[in-house]
Amino acid sequence: MMDFQQYYEIIIEELVDNFDLDDGEYYGDVVLTDELYQTSCEIAKKFDVDFNGEQSALAVLEASKQEAAEPNTCSVSAAAVGCVVDYLEDNFVVEFEDEDFDDEE
């Protein structure tokens with residue numbers, strides 16, 4: 001499994017097109033490599049990441065998984081992956097720069 005920081009830096013690039021700056025939510029599906037999918041699931045499981053109070057992020061990741069066009073890739077809920085990313089940020093598991101706010105000064 002890749003380390004959290006390495007995963008985070010890759011995954012936010014994958015999610016950038018699914019992120020709505022207006023409401024801070026992730027939408028649609030995102031195509032991940034099998035390794036990124038596995039790591040997303042492992043982090044969701046390790047930290048018991050919540051999705052919406054009723055479901056876990058892991059459950060949504062597993063339920064939304066579909067084969068993607070490229071070999072060794074799959075399509076999953078961007079919102080579920082976003083929950084994993086937000087958990088890593090909110091709990092300071094990874095280091096990140098909040099660039100959105102730095103540019104507006």
Residues A80 and V60: closest non-hydrogen pair is CB-CG1, 3.7 Å
Distance, nearest 0.5 Å, that separates OG of S75 from CD of Q66
5.5 Å
Would you compute the distance between atom OH of Y37 and atom CG of L61 and round it to the nearest 0.5 angstrom?
6.0 Å
Check whether the ring centres of F4 and F47 lie less than 6.0 Å apart, and answer yes or no.
yes
Is a donor on one side and an acceptor on the other found under 3.5 Å between the side chain of D50 and the backbone of S56?
no
Taking every heavy atom of C83 against every heavy atom of V49, the minimum-distance pair comes out as O-CG1, 3.6 Å
Provide the closest heavy-atom pair for A57 versus A44 in the form atom of the first, atom of the second, distance.
CB-CB, 4.2 Å
Are D23 and D20 side-chain neighbours, meaning at least one heavy-atom pair lies under 4.5 Å?
yes
What's the shortest heavy-atom distance between N18 and G28, and which atoms?
ND2-C, 4.0 Å
CG on D48 to OH on Y87, rounded to 0.5 Å:
8.5 Å
Quick check for you: to the nearest 0.5 Å, what is the distance between L32 atom CG and D29 atom CG?
10.0 Å
Is the side chain of N72 donor-acceptor paired with the backbone N or O of T33 at a distance under 3.5 Å, no angle test?
no
E14 side chain near L36 side chain, heavy-atom distance below 4.5 Å:
yes
Would a hydrophobic clustering, with Ile, Leu, Val, Met, Phe, Trp and Tyr connected at side-chain separations under 4.5 Å, put V31 with I11?
no
Decide whether V16 and Y26 are clustered together by the hydrophobic rule: side chain heavy atoms of Ile, Leu, Val, Met, Phe, Trp, Tyr closer than 4.5 Å, transitively.
no
V84-F92 co-clustered via ILVMFWY side chain contacts under 4.5 Å:
no
I need the D3 CG to E9 CD distance, nearest 0.5 Å.
8.5 Å
Value rounded to 0.5 Å, distance of CD in E25 from CG in D86
8.0 Å
With hydrophobic residues grouped by side-chain heavy-atom distances under 4.5 Å, do F51 and L58 end up in a single group?
no
Exam field: side chain S64 to backbone V76, donor-acceptor pair closer than 3.5 Å:
no
Would a 4.5 Å heavy-atom cut-off, applied to side chains only, mark Y7 and S40 as touching?
yes
Side chains of E89 and Y8: closer than 4.5 Å at any heavy-atom pair?
yes
